Amino acid sequence: MTPEELSLAISACLKDAVAAGEIALAATDIPEAVRVERPKNREHGDWATSIALQLAKPAGTNPRQLATLLSARLASIAGVSAIDVAGPGFLNITVDAAAAGTLAKAIVEAGPAYGTNTALAGRTVNMEFVSANPTGPLHIGHTRWAALGDSIARVLRASGADVTAEYYINDAGSQMDVFAHSVLSRLHGRGVPEGGYPGEYIADLGHKVLTQHPDIRELTDVAALPVIRGAAYKEQLHDIQATLAEFGVEFDVFFSEQELHDAGAIADAVARLREQGHVFDDGGAVWLRTTDFGDDKDRVMIRANGEPTYFAADAAYYLSKKDRGFTEKIYLLGADHHGYINRLKAIAAAAGDDPEVNIEVLIGQLVSVNGAKLSKRAGNIIELKDLISWLGKDAVRYSLARFPADSPLTLDPELLKKHSNENPVFYVQYAHARSRGAARNAEAAGVDRSVEGKEAFDAALLDHATENELLSHLGSYPSIVAKAAELREPHRVARHLEVIAGAYHRWYDACRITPLGGEDITDLNRTRLWLNDATSQVLANGLDLLGVSAPERM
RNA sequence: GCGCCCAUAGCUCAGCUGGAUAGAGCGUCUGUCUACGGAACAGAAGGCCGGGGGUUCGAAUCCCUCUGGGCGCACCA
C-alpha cells in the first residue's frame with residue numbers, strides 16, 4: 001500500500017462519513033487526497049494524518065471527537081491493521097506487513113516508470129536557462145543554473161509535462177563587438193582593450209581563428225573584425241555546447257537572438273504590442289508601458305537613434321515562445337537579474353497573456369567560491385569544464401542540485417575535492433552500487449526472484465522494522481517527485497534519495513538477502529531480493545532526474 | 001532611498017507551504033567486524049530556529065518591526 005492509495009482511501013472514508021450524516025461538512029471541504037505523513041516517531045505508527053485537526057473547525061466539532069469518529073471507518077480500510085487517535089487529534093495508522101510489502105514487487109514491475117505521474121500532462125512548457133553570452137566559456141556562475149534547470153526539466157517531464165529546454169544565445173549585442181575587439185587585439189599582441197575580455201581563452205580563440213584564416217593579421221581592423229566575430233563566436237558556442245553535453249545537460253533548442261533581428265521580429269513585436277495599445281513614443285524613442293503591469297518604470301524598446309534595446313529583443317523572444325505554442329514559459333535567472341521579473345511579466349501581460357499562469361520567473365541565488373566572486377570580465381574564472389574534470393560530473397551536479405535555489409550557496413573547492421562522503425552523492429551512489437552488488441551476489445548463490453518459472457514473492461515476509469521503514473520511503477518517492485515538479489524544486493528528490501539510501505543501509509545491515517553457507521534458500525531470501533531490486537530501481541530513477549549516474553560498481 | 005532574497009547545531013545545509021519531542025551530513029566523543037562490499041551500522045554531546053511584537057487550538061514556517069548579510073534599481077547587454 002502506497003501513501004497515495006492510503007490518502008485516497010481516507011478521503012473516501014470522509015465522504016462516506018459525510019454521506020452517512022456523521023459529519024457536517026460541505027463536499028468542497030474534503031480534499032481529493034488527504035495528506036499523510038511519515039511520523040518522526042516510530043511509535044506513532046506507519047503513517048499519520050492531521051486531517052481531523054484541519055476539518056474540525058468547518059465541521060463545527062472538536063478535533064479529538066472528529067478523529068475518534070473517523071478512526072472507526074479508517075480501521076476498515078483493507079491493509080490497515082490499527083488506527084490510534086493521539087494528541088490533539090492526530091490519526092496514527094499502522095499498515096500490515098503484507099499490504100506494505102506488495103510495493104516492492106510493484107516497483108520492480110514498474111521499472112523506470114516508477115515515480116512518474118501525469119499531474120502536468122498536457123502542459124507545454126518552455127524552460128529557458130543558462131543562456132550565457134557566447135563571449136566566453138561557461139564558468140561556475142553558470143553551473144548552478146545548468147544543473148538546476150536540467151533537473152527541473154527532467155522532473156517536469158516525469159510529471160507528464162511536454163518540456164522544451166532552451167538556450168537563448170545573446171549573439172546580437174554590443175558585447176559581441178567587444179568580444180571581437182578583444183580577440184583581434186590579442187592576435188596583434190596589443191593586450192586587453194579597455195573594457196574588453198581579459199581571459200586566457202581569448203588568446204586561444206585567436207589561435208583558432210588564425211588557423212582558419214591564416215591571413216587575418218594582414219587585414220585592416222575594419223576588415224578583420226567581422227571575420228573574427230563570426231569565427232570566434234562559432235568556436236565559443238561549440239565550446240559551450242560541448243561543455244553542457246559533458247555536464248549531462250540537454251537542450252532541445254539553441255535560439256539565436258541575431259536571428260530575431262534578421263527576421264524582423266523586433267519591429268514585428270513593437271507593432272504587435274502597439275496594436276494591443278501598450279506602446280507609446282516619447283523623446284524620439286519607442287516605449288512599452290510596462291508600468292501598467294506592475295513594473296516600476298516604462299521600458300524603451302527602440303532608442304532615439306533607431307537601435308532596438310535588449311529589452312525589445314526580449315519582447316520579441318517572448319512572442320516567439322508564445323507563437324510556438326508554449327502555454328508556460330519558465331525563465332531561470334540569477335539573483336543579479338531579479339529586477340527583470342516585473343518587466344518580463346509585463347511583456348507577457350502586454351502580449352495578452354496571464355502573467356500569473358503563462359510566465360514564471362525562477363530566481364536562484366548566486367554561487368560563490370571561498371567568498372570570492374568570480375567573473376569572466378575580471379579574468380579569474382573557474383571554468384565549468386575544469387570543475388567537471390576536477391571533481392567529476394556527478395559530484396558537481398549533485399552538490400548543486402541538493403540545495404534549493406533561493407538560498408545562497410558557498411562552495412568550498414577544498415571540501416568538494418575530497419572524495420569522501422562529506423559529499424552525499426557518494427552515499428547515495430554507494431547505496432545503489434551496494435544493492436547491485438548484493439543482487440550479483442544473490443544470483444551467484446542461486447537466489448532468484450522466481451523459482452521454477454514462477455514469481456516467488458510473499459509480501460507478508462517483509463515484516464522487519466527496517467523493511468517497514470525502507471518500504472515507506474520507497475512508497476513516498478512518487479509524491480516527492482510530483483512535489484518537486486510542482487514547486488520546481490528538484491532538491492527534494494536528492495534529499496529523499498539520501499533518506500532512502502540510509503534506510504537501505506540499515507536494512508542491509510539487519511536483513512540478509514543471500515543465506516549463509518549451508519542454509520537453504522527460502523522465499524524470505526527471494527522476497528528480499530525483490531525489495532533489494534526495488535531499491536536499486538528507485539535510486540536509479542531518482543539519480544537520473546538529477547542527471548547523476550547510478551553506478552553498478554564503485 | 002526603493003525593491004527582491006537570505007538568517008536554523010562548531011561547519012555546510014534540510015525542514016514535505018501551520019502540526020506531535022526542530023532534523024541530516026561533516027567535525028568531536030563512545031561502540032559494532034571469523035556474515036551478501038565497513039564508502040556501512042548503533043549511540044552520545046551539541047539549539048532562545050538573528051532580536052522584538054502579533055495572528056490561533058498550535059509558528060522555524062504566516063503578518064508587522066528592528067538588526068545583520070547578498071543582489072538589483074540604463075535610450076548596457
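Residue numbers start from 1 in every chain, and the chains themselves are labelled A, B, ... in the order their sequence lines are given, proteins ahead of strands. Here the structure is a predicted model, which means the values were calculated and not measured.
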Separation between the C1' atoms of B:A59 and B:G54, rounded to whole Å: 11 Å
Hey, can you pull the donor-acceptor pairs under 3.5 Å for the side chains in residues 437-446 of chain A, sequence neighbours left out?
from: A:R440; atom 1: NH1; to: A:E552; atom 2: O; distance (Å): 3.3
from: A:R440; atom 1: NH2; to: A:E552; atom 2: O; distance (Å): 3.4

What is the nucleic acid contact for A:A313, judged by heavy atoms within less than 4.0 Å: base, sugar-phosphate only, or nothing? nothing
Check: A:Y197 ring centroid to A:H181 ring centroid under 6.0 Å: no
Measure the distance from CZ on A:R64 to P on B:G58 and round it to the nearest whole Å. 18 Å
Take atom C1' in B:A20 and the same atom in B:C63, then report the distance between them in whole Å. 25 Å
Note: contacts of residues 474-493 of chain A with RNA chain B (heavy atom, under 4.0 Å) are A:K483, A:L487, A:H491, A:R492
What nucleic acid atoms does A:G283 come within less than 4.0 Å of, heavy atoms only: base, sugar-phosphate, or nothing? base
Return the 5'-most residue of the pair A:A442, A:N305 with respect to RNA chain B, ranking by each residue's nearest nucleotide. A:A442
Using atom C1' of each nucleotide, how far apart are B:G72 and B:U12 to the nearest Å? 27 Å
From the set B:A20, B:A40, B:C75, return the single nucleotide nearest to any side-chain atom of A:V300. B:C75
Heavy atoms under 4.0 Å, any strand shown: does A:N170 hit a base, just sugar-phosphate, or nothing? nothing
Residue A:E37, side-chain atoms from C-beta onward, closest of B:C73, B:C76, B:C16: B:C16
How would you label the glycosidic angle of B:U17: syn (within 90° of 0) or anti? syn
With a 4.0 Å cut-off on heavy atoms, is A:P515 in touch with a base, just the backbone sugar-phosphate, or nothing at all? nothing
Aromatic ring centroids of A:Y317 and A:F255 under 6.0 Å? yes
Applying side-chain hydrogen bond (donor to acceptor under 3.5 Å, both in side chains), can you list everything that pairs with A:R303, at least two apart in sequence or on another chain? none
Run the side chain to side chain contact (heavy atoms under 4.5 Å, CB included) test against A:A350 and tell me which residues pass, sequence neighbours left out. A:L273, A:H278, A:L288, A:F293
Secondary structure of RNA chain B in dot-bracket form (Watson-Crick or G-U wobble, distances below 3.5 Å, | marking inter-strand pairs): (((((.(..((((.....[...)))).(((((.......))))).....(((((..]....)))))).)))))....
Out of B:G15, B:C5, B:G37, which nucleotide sits closest to the side chain of A:R440? B:G37
Grab the CH2-P distance between A:W287 and B:A74 for me, whole Å please. 11 Å
Sugar-phosphate, base or nothing in reach of A:R512, heavy atoms under 4.0 Å: base
Of all residues at least two apart in sequence or in a different chain, which pass the side chain to side chain contact (heavy atoms under 4.5 Å, CB included) check with A:A316? A:L260, A:A265, A:I266, A:A269
Partners passing salt bridge (charged side-chain N to carboxylate O under 4.0 Å, His left out) against A:D177 (at least two apart in sequence or in another chain): A:R229
Using distance alone, with no hydrogens and no angle criterion, decide if A:Y331 and A:E166 have a side-chain donor and acceptor under 3.5 Å apart. no
Could you go step by step and tell me if A:F179 and A:Y233 meet the ring-ring contact (aromatic ring centres under 6.0 Å, His included) rule? CA-CA 9 Å; A:F179 175 59; A:Y233 157 75; 8.0 Å; no
Would you mind reading off the distance between A:E498 atom CD and B:G23 atom C1', rounded to a whole angstrom? 12 Å
Please give, in whole Å, the distance from B:A35 C1' to A:I513 CD1? 13 Å
Atom P, compared across B:G52 and B:G70: separation rounded to whole Å: 24 Å
Pairwise side-chain contact, A:Y504 with A:Y430, heavy-atom cut-off 4.5 Å (strictly under): no
Taking only residues two or more places apart in sequence or in another chain, which ones pass side chain to side chain contact (heavy atoms under 4.5 Å, CB included) with A:R64? A:N62, A:V85
With salt bridge (charged side-chain N to carboxylate O under 4.0 Å, His left out) as the rule and sequence neighbours excluded, what pairs involving residues 465-481 of chain A come up? A:E467-A:R528, A:E469-A:R506
Could you tell me how far apart A:L524 (CG) and B:C36 (C1') are, to the nearest whole angstrom? 14 Å
In whole Å, what separates the P atom of B:G23 from that of B:G69? 32 Å
Quick one: A:Y504 OH to B:C36 P, roughly how many Å, whole number? 12 Å
Centroid distance below 5.5 Å plus an interplanar angle below 30 degrees: do A:F403 and B:A14 meet both conditions? no
Want to settle it: does A:A48 or A:Y508 sit nearer the 5' end of RNA chain B, counting the closest nucleotide to each? A:A48
Is A:N92 side chain donor-acceptor paired with the B:A20 base, going by distance under 3.5 Å alone? yes
Applying salt bridge (charged side-chain N to carboxylate O under 4.0 Å, His left out), name anything that partners A:R289, two or more places apart in sequence or on another chain. none
If we take the C1' atom in both B:U61 and B:A44, what is their distance in whole Å? 30 Å
Separation between the C1' atoms of B:A9 and B:A24, rounded to whole Å: 11 Å
Is the Lys NZ or Arg CZ of A:R299 less than 6.0 Å from the centre of A:W287's six-membered ring, within 45° of the axis? no
Restricting to nitrogen or oxygen on both sides, can you table the protein-nucleotides 1-4 of chain B pairs closer than 3.5 Å?
from: B:G3; atom 1: N2; to: A:H338; atom 2: NE2; distance (Å): 2.3

At 4.0 Å (heavy atoms only), tell me whether A:A445 reaches a base, stays on the sugar-phosphate, or touches nothing. nothing
Residue A:D336, side-chain heavy atoms: nucleotide from B:C36, B:G72, B:A74 that is nearest: B:G72
List for me each residue that meets side chain to side chain contact (heavy atoms under 4.5 Å, CB included) alongside A:L8, sequence neighbours excluded, and say none if there are none. A:A33
Atom pair distance, as rounded to whole Å: CG in A:L344 and P in B:C73: 14 Å
Determine: side-chain N/O of A:R35 to OP1/OP2 of B:C16, distance under 4.0 Å, yes or no. no
Side-chain N or O of A:N62 closer than 4.0 Å to phosphate OP1/OP2 of B:C57: no
Could you work out the separation of B:G27 and B:C13 based on their C1' atoms and round it to a whole Å? 14 Å
A:L516 has a side chain; which of B:A35, B:G19, B:C36 sits nearest to it? B:A35
Taking 4.0 Å as the cut-off, does a side-chain nitrogen or oxygen of A:Y398 come that near to OP1 or OP2 on B:G25? no
In whole Å, what is the span from the CG atom of A:L91 to the C1' atom of B:A20? 13 Å
